[in-house]
**Student:** 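I have a structure here, written as structure tokens, and I will follow up with some questions on it.
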Amino acid sequence: MTLRLHDTAARETRDFAPLVPGRAGIYVCGLTVQSEPHVGHVRSAVNFDVLRRWLAASGYEVDFIRNVTDIDDKILAKSAEQGVHWYALAAAMKRELDKALAAINVLPPTYEPGATGHVPEIVELIEQLVARGHAYAAEDGSGDVYFDVRSWAAYGELTRQKVEDMEPAGDADPRGKRDPRDFALWKGHKKESEPATAAWPSPWGPGRPGWHIECSAMAGKYLGPAFDIHGGGVDLRFPHHENEQAQSRAAGRPFASYWLHNAWITTAGEKMSKSLGNSMLIPSVLERVRGIELRYYIVAAHYRSHVEFSFEALDEAAKGFRRIEDFLERAGGVLGGAVPADGIWCADFVAAMDDDLGTPAAVAAIHDVVREGNKLLAEGGDERALRGNAASVRAMLDVLGLDPADEAWAAAASDDRLTDVVDVLVRGLLAERAAAREAKDWARADAIRDQIKSAGLEVEDTSTGPRWTIIQGSV
RNA sequence: GGUGGGUUGGCCGAGAGGCGAGGCAACGGACUGCAAAUCCGUCUACACGGGUUCAAAUCCCGUACCCACCUCCA
């Protein structure tokens, strides 16, 4: 069984053949830390986290680099608007992002480089491009350096566009450009409008990196001139990725073998970045569902499918996930403790994941095993089969970053000691209810159950006695 | 103007010539003191118009509508 990935550059799903057997180098364009993360932002992170986990689970040693763009026009503009230092804004938003990603169990990358920390590498790359005749310093004294689109015949190959059909780049004063489509590699410092802290020395005078160059420089530094997979959101295909590839290849670096792009999450047909209000911001969404449920919602859709975000769909996904979770919990009860995590992946799951990360089918495969497990649970008896079944569910969930027993969720979950306290209190009430039931005083028994429910706990009678759980969404 | 991606049941969402997606909701049954949970069953769709084929959501032609990108974007 080979992993197949949809390469957006080739426009086809191809067998994944790593440059070095057993190893996978991945570069993903992370966020420009300019505002609070919303559902759309974290989708990309989850999608590539699943890729990374599946590769690792399949036996690859994965180098996963996800950058942070910590300086650009927007950060400068927003910080000026808010009257804060640009680096303060970037750092604050970075912390928000980290918090949001931790809440949905996105593993930290192998390394997370930032643009501002790689100015020497960026300058070196630009120098290579100038030396090879693919970049030039603007002749208008602005200190800008541009990539010469006309000098690179393959320009447009990633998105199959002809240079003549493109609209001009608006990233700088066009007077300094040889061609309006040339884009900035280096932006000369604008003394009158930009803070002195937003400039670094360079052979072309003080300035800062253009938008695309940092990814080429950092991918080259950490993954080498050629690496396996480059990922990001669809919107980045052009200009960002097109330009990254042009810059890198023009500098003699083969760059990425495969390009993966995740689709958008929109709200009512609108991009999330344009949506008004902050109901789609991660902290706000996490008031409604738990992080694991949000992750399930994202994973249940294929990464290349456009998702129309709705709270109704989110709630439904959460219910679907709880079905899996409930099974594990009940199986754990029967098995006398935690369900082991060493189960095997079922064949459907593996086939789904190998087929361009077919997470919807993978989720369906998990549900199938859950149904089998529920059947075993209902029949009672075959503990060995149940153990294998439940362990299999856990193992598959783990690949998707959705194992409820994963310690990563513990930080976000309620305090264990508090759970113990509640358990003691509820057990007292349940003993009373048991006595009432014994006496067939159903009114009294139901009153106690209602009382517990009004506190936000659900009581269920099972073959092994009553069990209480927190009603999700009630707190 | 150029480049891509879509349109599937009440809802969410896969699939890519013949075979059950899956979840949620709804309804019926089993179980239960009643519930809950669970199991079983029911509802069974592919934007539209043609065509190819023994067989089409799936392939071909055409039409409509939607979305993204074309230098701020995950």
Side-chain angles (χ1 to χ4, degrees), chain A residues 8 11 28-32 34-35 37-48 69 72-75 77 149 156 159-162 164-172 180-184 210-212 231-240 242-243 261-266 269-274 296-297 300-302 304-308 310 312-321 323-324 326-327 330 348 352 355 358-368 370-371 373-375 377-379 437 440-443 445-446 449 453 458-463 466-467 469:
Chain A
T8 39
R11 269 166 196 72
V28 174
C29 287
L31 280 181
T32 297
Q34 46 143 348
S35 58
H38 55 59
V39 177
H41 291 132
V42 301
R43 179 191 192 179
S44 180
V46 169
N47 288 157
F48 289 106
T69 296
D72 85 324
D73 293 350
K74 253 198 164 167
I75 293 172
V149 165
T159 50
R160 292 202 187 162
Q161 297 185 91
K162 294 193 181 104
E164 306 81 63
D165 296 331
M166 292 178 190
E167 294 175 4
D171 61 348
R181 295 158 199 102
D182 290 350
F183 57 90
W211 175 35
H212 319 291
V234 265
D235 55 308
L236 295 178
R237 288 175 63 235
F238 193 91
H240 189 55
E242 185 73 68
N243 291 356
H261 289 101
N262 66 278
W264 288 91
I265 291 187
T266 59
E270 260 204 338
K271 276 171 140 188
M272 219 155 259
S273 50
K274 286 182 183 165
Y296 177 84
Y297 172 70
H302 187 90
R304 287 194 287 122
S305 293
H306 169 194
V307 171
E308 191 128 316
S310 77
E312 291 70 27
L314 182 64
D315 289 344
E316 287 191 0
K319 279 186 206 160
F321 182 71
R323 188 182 150 82
I324 299 173
D326 283 350
F327 162 67
R330 290 182 305 121
D348 287 350
D355 183 12
T359 52
V363 167
I366 293 175
H367 276 287
D368 283 345
V370 167
R371 172 165 299 107
N374 274 327
K375 238 184 266 187
L377 221 38
E379 287 159 6
R437 293 182 75 207
K440 299 213 188 295
D441 182 357
W442 309 125
D446 290 348
R449 186 167 61 193
K453 188 169 185 175
E458 183 87 64
V459 173
E460 295 166 30
D461 294 315
T462 71
S463 55
R467 183 173 82 100
T469 46

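Chain naming here is simple, since letters A, B, ... match the order of the sequence lines and numbering starts at 1 in each.
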**Student:** Ignoring hydrogens and angles, are the base of B:G5 and the side chain of A:R304 linked by a donor-acceptor pair under 3.5 Å?
**Tutor:** no
**Student:** Between A:R371 and B:C40, is there a contact of a side-chain N or O with OP1 or OP2 at under 4.0 Å?
**Tutor:** yes
**Student:** B:A26 pairs with which nucleotide, Watson-Crick or G-U wobble, both distances below 3.5 Å?
**Tutor:** B:U42
**Student:** At less than 4.0 Å, is any side-chain N or O atom of A:S305 found next to OP1 or OP2 of B:G13? Yes or no.
**Tutor:** no
**Student:** Using the purine O4'-C1'-N9-C4 or pyrimidine O4'-C1'-N1-C2 torsion, is B:A57 syn (within 90° of 0) or anti?
**Tutor:** syn
**Student:** For a quick check, tell me whether the side chain of A:D461 and the base of B:C34 share a donor-acceptor pair closer than 3.5 Å.
**Tutor:** yes
**Student:** What is the base-pairing partner of B:A56, counting Watson-Crick and G-U wobble geometry with both distances under 3.5 Å?
**Tutor:** none
**Student:** OG1 of A:T8 to CZ of A:R160: how many Å apart, nearest 0.5 Å?
**Tutor:** 10.5 Å
**Student:** Check whether any side-chain N or O of A:N262 sits under 4.0 Å from OP1 or OP2 of B:A74, and answer yes or no.
**Tutor:** no
**Student:** Assess whether one donor atom and one acceptor atom, taken from the side chain of A:R449 and the base of B:A35, lie less than 3.5 Å apart.
**Tutor:** yes
**Student:** How close do A:I75 and A:T69 get, counting heavy atoms only, and between which atoms?
**Tutor:** CD1-O, 3.7 Å
**Student:** Check whether any side-chain N or O of A:K162 sits under 4.0 Å from OP1 or OP2 of B:C70, and answer yes or no.
**Tutor:** no
**Student:** Could you check whether A:Q161 and A:T159, counting side-chain N and O atoms only, form a donor-acceptor pair closer than 3.5 Å?
**Tutor:** yes
**Student:** Measure the distance from CG on A:N47 to P on B:A74 and round it to the nearest whole Å.
**Tutor:** 15 Å
**Student:** Is there a side-chain contact between A:D315 and A:E312 (heavy atoms, below 4.5 Å)?
**Tutor:** no
**Student:** When you check the gap from the basic side-chain N to the acidic O, do A:R323 and A:D326 get nearer than 4.0 Å?
**Tutor:** no
**Student:** Is the phosphate of B:U38, meaning OP1 or OP2, less than 4.0 Å from a side-chain N or O of A:R323?
**Tutor:** yes
**Student:** Tell whether A:D368 reaches the base of B:G22 with its side chain through a donor-acceptor pair below 3.5 angstrom.
**Tutor:** no
**Student:** Within the pair A:H367 and B:G22, is there a side-chain N or O less than 4.0 Å away from OP1 or OP2?
**Tutor:** no
**Student:** If you assign each of A:K319 and A:C29 to its closest nucleotide in RNA chain B, which residue comes earlier from the 5' end?
**Tutor:** A:K319
